[in-house]
Participant: 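The structure's right below; bear with me while I get my questions together.
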Amino acid sequence: MADLLGDMRRTHHCNQLGAENVGMEVVLMGWVQRRRDHGGVIFVDLRDREGLTQVVFNPGVSNDVHAKAHGLRSEFVIGVRGRVAPRPDGMVNANLTTGAIEVMVTELRIFNEAATPPFLIEEDTDVSEAIRLTHRHLDLRRPQLQKNIILRHKAAAAVRQYLNGNGFLDIETPVLTRSTPEGARDYLVPSRVNPGQFYALPQSPQIFKQLLMVAGYERYYQIVRCFRDEDLRADRQPEFTQIDMEMSFVGEEDIMAISEGLIAYVFQEVMGISQTIPFDRLTYAEAVDRYGLDKPDTRFDMELKEISDIVEGSGFKVFADVVKKGGIVKALNAKGCVDFSRKEIDDLTKFVAVYKAKGLAWIKVRENEWQSPIAKFFTDEEKAKLAERIDMQPGDLIFFMADKPAIANEALGQLRNHLGQRLNLIDPEAFNFLWVTHFPMFEWDETEKRHQALHHPFTAPLEEDYSLLEKDPTAVRSRAYDLVLNGFEIGGGSIRIHDMDLQSKVFKILGMDKETYQGKFGFLLDALQSGAPPHGGLAFGFDRLVMLLCGESSIRDVIAFPKTQKAACLLTGAPSDASQPQLDELSLRIKATAKV
RNA sequence: GGGGGUGUAGUUCAGUUUGGUUAGAACGCCGGCCUGUCACGCCGGAGGUCGCGAGUUCGAGUCUCGUCGCUCCCGCCA
């Protein structure tokens with residue numbers, strides 16, 4: 001039978017007591033981390049969310065209490081009353097904040113016993129993630145996870161504090177909303193009172209925050225849950241949290257400045273480290289040119305060099321033909337890697353094949369010669385130009401990629417990241433921020449034979465590119481910007497279109513006729529005609545940001561109750577079947593093929 | 001939708017290459033001893049549908065086929 005709390009009340013937490021408390025009578029409560037029973041004296045490490053304190057049961061103090069302590073097991077929930085005593089000489093535990101003292105227990109209450117946990121509740125648990133997620137309430141007891149979740153709270157608190165102080169209003173937007181055709185797959189919720197119709201869960205509050213600007217609220221923010229029914233990744237969950245912001249009467253500079261201030265504040269409050277602002281900037285074109293990716297990891301150099309102009313007339317047909325067909329040839333200098341084995345290079349070739357690259361040419365730069373299957377195809381002049389462009393030095397290993405620009409850049413950019421890690425070029429303590437600006441407005445979708453918005457359809461085009469909207473949409477640059485941290489996109493936003501005619505034109509370029517866009521976005525177009533101020537905003541991926549702050553490699557480690565790769569919750573068993581009466585009420589029928 | 005990895009005791013793994021008696025280890029758990037440990041120590045013990053289902057075989061943890069879970073990646077994610 002479990003003891004009741006009664007009049008026992010905690011006086012301190014388990015990371016609080018030190019030499020200055022010696023002699024004090026205290027009450028601690030928490031979980032039994034470990035029991036070390038010496039037959040006589042029994043030591044228990046008592047754990048609460050703040051830390052550990054060693055409590056001591058000595059038969060010399062109380063025989064009854066000592067006998068009761070003999071039955072303690074891992075994860076029992078107890079309260080102890082006792083006197084703080086200094087550890088005997090030589091018994092101080094320097095690894096423990098409270099290691100100078102211990103609590104000599106005079107009263108023990110066992111509030112609850114606990115089944116033997118399926119894994120040890122400790123810092124470095126080696127247990128599979130499936131088991132951790134199935135017993136998430138136990139996993140969440142681990143110090144590492146508690147630290148992450150507490151840090152997440154602190155980050156959210158700092159965000160609110162900063163934005164509140166800068167005139168932003170926290171305004172809630174609907175979770176049951178309308179499906180929008182562009183973008184990710186929606187999560188749908190059937191409407192009982194409107195049979196056959198569905199709400200969609202928001203992929204982001206995009207349109208609502210724009211409507212709030214039209215409505216005159218000027219500065220809005222929300223730490224808000226968003227939903228996308230797409231396949232998962234280590235940094236992607238079906239429901240995730242955004243710091244969503246929007247401002248009126250501003251341009252890019254204003255939003256970037258507020259964002260930098262926000263990030264710097266969060267880093268100062270949460271991590272106690274200051275960030276240099278403003279952050280560096282690159283245009284999309286420059287980022288792709290130098291790093292191959294639109295979210296480059298700028299913690300290390302090793303930039304890509306385009307060599308199309310040097311090799312287009314060369315005797316190496318593979319390169320020359322690619323350039324002739326509109327492709328590019330780029331090089332990556334892996335400094336000092338000349339001794340990579342044939343197998344290592346083969347493995348890297350397989351690595352880039354994942355990104356559709358057809359091959360990976362290479363040159364090993366030795367003291368007096370190039371060791372390479374392709375060196376023989378180049379003239380001395382071409383060799384000299386290559387050596388200069390790529391900064392070849394003896395000891396270098398040069399990789400070449402020739403392909404369509406999108407493939408060559410992506411594959412070589414990913415190879416750059418891969419080598420950066422493998423060659424330990426990355427300072428794991430560093431936080432490198434980078435704005436990427438001037439994204440293209442549209443990209444051509446070959447399968448659907450139409451233009452797609454790269455960002456979203458409400459993003460404003462760059463004014464100087466207006467003239468290109470009709471004749472060459474893919475050349476139009478947008479007023480969109482992403483914030484990149486250590487190679488992760490942690491935020492993105494844009495200046496929005498606040499003019500009805502321009503918005504209609506963009507819808508048309510996206511392949512919608514007037515009837516279609518009036519039907520889907522008529523309410524937005526109406527709003528734009530009713531006094532819409534110039535406005536723009538940004539949304540941060542809060543989970544990713546916290547993941548990087550915590551030094552974790554998966555957002556599941558900074559979300560209290562995450563889902564698996566199949567979008568299931570192993571703890572609750574969601575998703576689950578609906579009963580026939582529920583389905584009937586919603587006018588739904590399950591296809592026979594959906595059931596196994 | 002596709003590719004890779006993985007699944008054996010409560011947990012982490014070995015055993016699978018080359019099918020062969022009672023499937024091992026560590027930690028955890030249970031019992032005993034132990035008054036200064038903090039990964040306590042010592043002695044003893046319990047614990048396994050080898051993910052699931054078919055098949056091949058005298059015999060399957062091991063081979064074949066299917067299927068499911070977890071995970072990483074590609075596609076997808078405006």
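Proteins come first, then strands; the chains are lettered A, B, ... in the order of their sequence lines, and each starts at number 1. All values reported here derive from a predicted model rather than from experimental measurement.
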Participant: Which residues pass the side chain to side chain contact (heavy atoms under 4.5 Å, CB included) test with A/D347, sequence neighbours left out?
Facilitator: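 Expected list: A/K343, A/K350.
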
Participant: Taking ring pair (Phe, Tyr, Trp, His ring centres under 6.0 Å) as the cut-off, I'd like each qualifying pair that reaches into residues 35-56 of chain A, sequence neighbours left out, listed once.
Facilitator: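 Ring pair (Phe, Tyr, Trp, His ring centres under 6.0 Å) check on residues 35-56 of chain A returns A/H38-A/F43.
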
Participant: Less than 3.5 Å apart, which donor and acceptor atoms pair up between the side chains of residues 434-443 of chain A and the rest of the protein, not counting sequence neighbours?
Facilitator:
residue: A/W435; atom: NE1; partner: A/E260; partner atom: OE2; Å: 2.7

Participant: Please tabulate, one pair per line, each protein N/O and nucleotide N/O from nucleotides 44-50 of chain B that are separated by under 3.5 Å, including the distance.
Facilitator:
none

Participant: Give none if B/rU6 has no partner; otherwise give the nucleotide forming a Watson-Crick or G-U wobble pair with it, both distances under 3.5 Å.
Facilitator: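 Partner of B/rU6: B/rG69.
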
Participant: Tabulate protein N/O versus nucleotide N/O from nucleotides 69-72 of chain B, keeping only pairs under 3.5 Å, one per line.
Facilitator:
residue: B/rG69; atom: OP1; partner: A/K566; partner atom: NZ; Å: 2.9
residue: B/rG69; atom: OP2; partner: A/K566; partner atom: NZ; Å: 3.4
residue: B/rC70; atom: OP1; partner: A/T564; partner atom: OG1; Å: 3.0
residue: B/rU71; atom: OP2; partner: A/Q565; partner atom: N; Å: 2.7
residue: B/rU71; atom: O3'; partner: A/R556; partner atom: NH2; Å: 3.3
residue: B/rC72; atom: OP1; partner: A/R556; partner atom: NH1; Å: 3.3
residue: B/rC72; atom: OP1; partner: A/R556; partner atom: NH2; Å: 2.6

Participant: Which residue pairs pass the side-chain hydrogen bond (donor to acceptor under 3.5 Å, both in side chains) test with at least one member in residues 505-514 of chain A, sequence neighbours excluded?
Facilitator: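 Residue pairs with at least one partner in residues 505-514 of chain A: A/D513-A/T516.
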
Participant: Closer to the 5' end of RNA chain B via nearest nucleotide, is it A/Y355 or A/R228?
Facilitator: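 First, find each residue's nearest nucleotide; the 5'-ward one identifies A/Y355.
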
Participant: Could I get a table of every N or O pair under 3.5 Å where one atom is in the protein and the other is in nucleotides 24-30 of chain B?
Facilitator:
residue: B/rC30; atom: OP1; partner: A/R73; partner atom: NE; Å: 2.8

Participant: Classify the nucleic acid contact of A/I131 as base, sugar-phosphate or nothing, counting any heavy atom under 4.0 Å across all strands shown.
Facilitator: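 Sugar-phosphate: the residue A/I131, judged by heavy atoms under 4.0 Å, touches backbone atoms but no base.
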
Participant: Below 4.0 angstrom, which residues in residues 77-99 of chain A have at least one non-hydrogen atom near RNA chain B?
Facilitator: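 Under 4.0 Å from RNA chain B: A/R87, A/P88, A/M91, A/N93.
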
Participant: Quick one: salt bridge (Lys or Arg N to Asp or Glu O under 4.0 Å) pairs with a partner in residues 485-500 of chain A, sequence neighbours left out?
Facilitator: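 Found A/E246-A/R496.
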
Participant: Not counting sequence neighbours, list each pair that qualifies as a ring pair (Phe, Tyr, Trp, His ring centres under 6.0 Å) and has a residue in residues 62-89 of chain A.
Facilitator: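 Those involving residues 62-89 of chain A do not exist here.
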
Participant: Rounded to the nearest angstrom, tell me the gap between atom CZ in A/R36 and atom P in B/rC40.
Facilitator: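 Atom-to-atom, A/R36 to B/rC40, this comes out as 5 Å.
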
Participant: Please name all residues satisfying side chain to side chain contact (heavy atoms under 4.5 Å, CB included) with A/A67, sequence neighbours left out, ordered by chain then number.
Facilitator: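 Once residues adjacent in sequence are excluded, A/A67 has no partner under the side chain to side chain contact (heavy atoms under 4.5 Å, CB included) criterion.
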
Participant: Quick one: ring-ring contact (aromatic ring centres under 6.0 Å, His included) partners of A/F351, sequence neighbours excluded?
Facilitator: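 For A/F351 the ring-ring contact (aromatic ring centres under 6.0 Å, His included) partners, ignoring immediate neighbours, are A/Y355, A/H418.
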
